[in-house]
Amino acid sequence: MCGIVGYAGNDRALPILIDGLKNLEYRGYDSAGVLISGAKGVRVERVVGRVSNLEKKLQGKRGFEGSVGMAHTRWATHGGVSERNAHPHADCKNEIYVIHNGIIENFKELKQELGEKRHAFKSETDTEVIAHLIEQIRKERPNLPIEELVRQALRKIKGTYGLVVFDAREPEKLVAARNFSPLMLGIGKGESIIGAEANAI
Ligand code: GLU
């Protein structure tokens with residue numbers, strides 16, 4: 001078990017996400033990562049080890065002021081413990097990003113299929129196939145909104161997941177889905193927060 005936190009609203013997302021991850025630390029993890037979207041575009045940072053390492057790495061970095069974001073603590077199941085394998089994972093164009101708790105059981109078949117369609121993988125994780133699968137469906141059906149692309153991708157996925165997807169084309173949104181792995185959604189006035197459990201939110 002590991003952790004997920006997502007925030008979309010009007011406050012700065014980063015402190016909310018870091019707080020949420022800290023409240024999930026007791027569940028155990030080996031690496032951590034965060035994505036923030038704001039006026040300066042999309043920023044991603046990942047580290048091996050503790051959430052405090054992530055905080056240190058982010059100190060003084062610009063561009064992390066946005067009010068939409070998602071963060072993850074990973075407990076590696078597919079692929080070693082490395083920065084490259086830490087979440088978020090992205091598609092070929094760095095447009096669609098995914099954080100995920102759980103296991104994609106048919107990732108080998110999906111990775112092979114997507115590889116034949118010239119998707120280039122940057123990690124050894126099962127999670128990364130989700131981003132490329134969504135990208136592939138977008139190529140085939142370019143006008144669908146991100147939530148529909150995610151829905152269609154999940155029909156092809158076997159396994160357990162709590163996941164959050166960010167799409168740079170619709171940067172005010174986060175899309176979340178779950179199957180067996182828990183996720184909890186908090187809805188406020190003009191803001192939403194999602195977490196792997198109540199402690200996160
Ligand atoms: N299976 C994914 C990975 O190895 C997610 C593991 C997790 O639940 O943190 O990256």
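Model, not experiment: these values are computed from the prediction. Every number for a ligand or one of its atoms is a count from 1 in the order of the listing.
- Residue contacts with ligand 1 for Thr77 involve both N, CA, C or O and side-chain atoms from C-beta outward (heavy atoms, distance under 4.0 Å).
- In terms of N/O distances under 3.5 Å, ligand 1 is not approached by Thr125.
- One N or O on the side chain of Asn85 and one on the backbone of Gly80 form a donor-acceptor pair closer than 3.5 Å.
- A donor-acceptor pair is defined here as one N or O able to donate and one able to accept, closer than 3.5 Å; such a pair exists between the side chain of Tyr29 and the backbone of Val51.
- The contact set between ligand 1 and Trp75, taken as ligand atoms under 4.0 Å from a residue heavy atom, comprises 6 (C), 7 (C), 9 (O).
- Counting the atoms of ligand 1 from 1 in the order shown, those under 4.0 Å from a heavy atom of His78 are 4 (O).
- Contact between Gly79 and ligand 1 is absent, with no heavy atom of the residue lying under 4.0 Å from the ligand.
- Close approach to His72 involves these atoms of ligand 1, each under 4.0 Å from a residue heavy atom: 9 (O).
- Counting heavy atoms of neighbouring residues, nucleotides and ligands inside a 6.0 Å radius, atom NZ of Lys57 exceeds 12 of them.
- Residue Cys2 approaches ligand 1 through these ligand atoms, each under 4.0 Å from one of its heavy atoms: 7 (C), 8 (O), 9 (O).
- Identified under the ring-ring contact (aromatic ring centres under 6.0 Å, His included) test for residues 117-166, with sequence neighbours left out: His119-His132, Phe121-His132.
- Among the atoms of Asp126, some N or O lies under 3.5 angstrom from an N or O of ligand 1.
- The side chain to side chain donor-acceptor pair (under 3.5 Å) analysis of residues 59-69, with sequence neighbours excluded, yields the pairs Glu45-Lys61.
- Partner of Asp167 under the side chain to side chain contact (heavy atoms under 4.5 Å, CB included) criterion, chosen from Leu174, Ile146, Ile134, Leu149: Ile146.
- The two residues Ile4 and Ala200 make their nearest non-hydrogen contact at O-CB, 4.0 Å.
- The N/O atoms of Ala76, backbone and side chain alike, include none that comes under 3.5 Å of an N/O atom in ligand 1.
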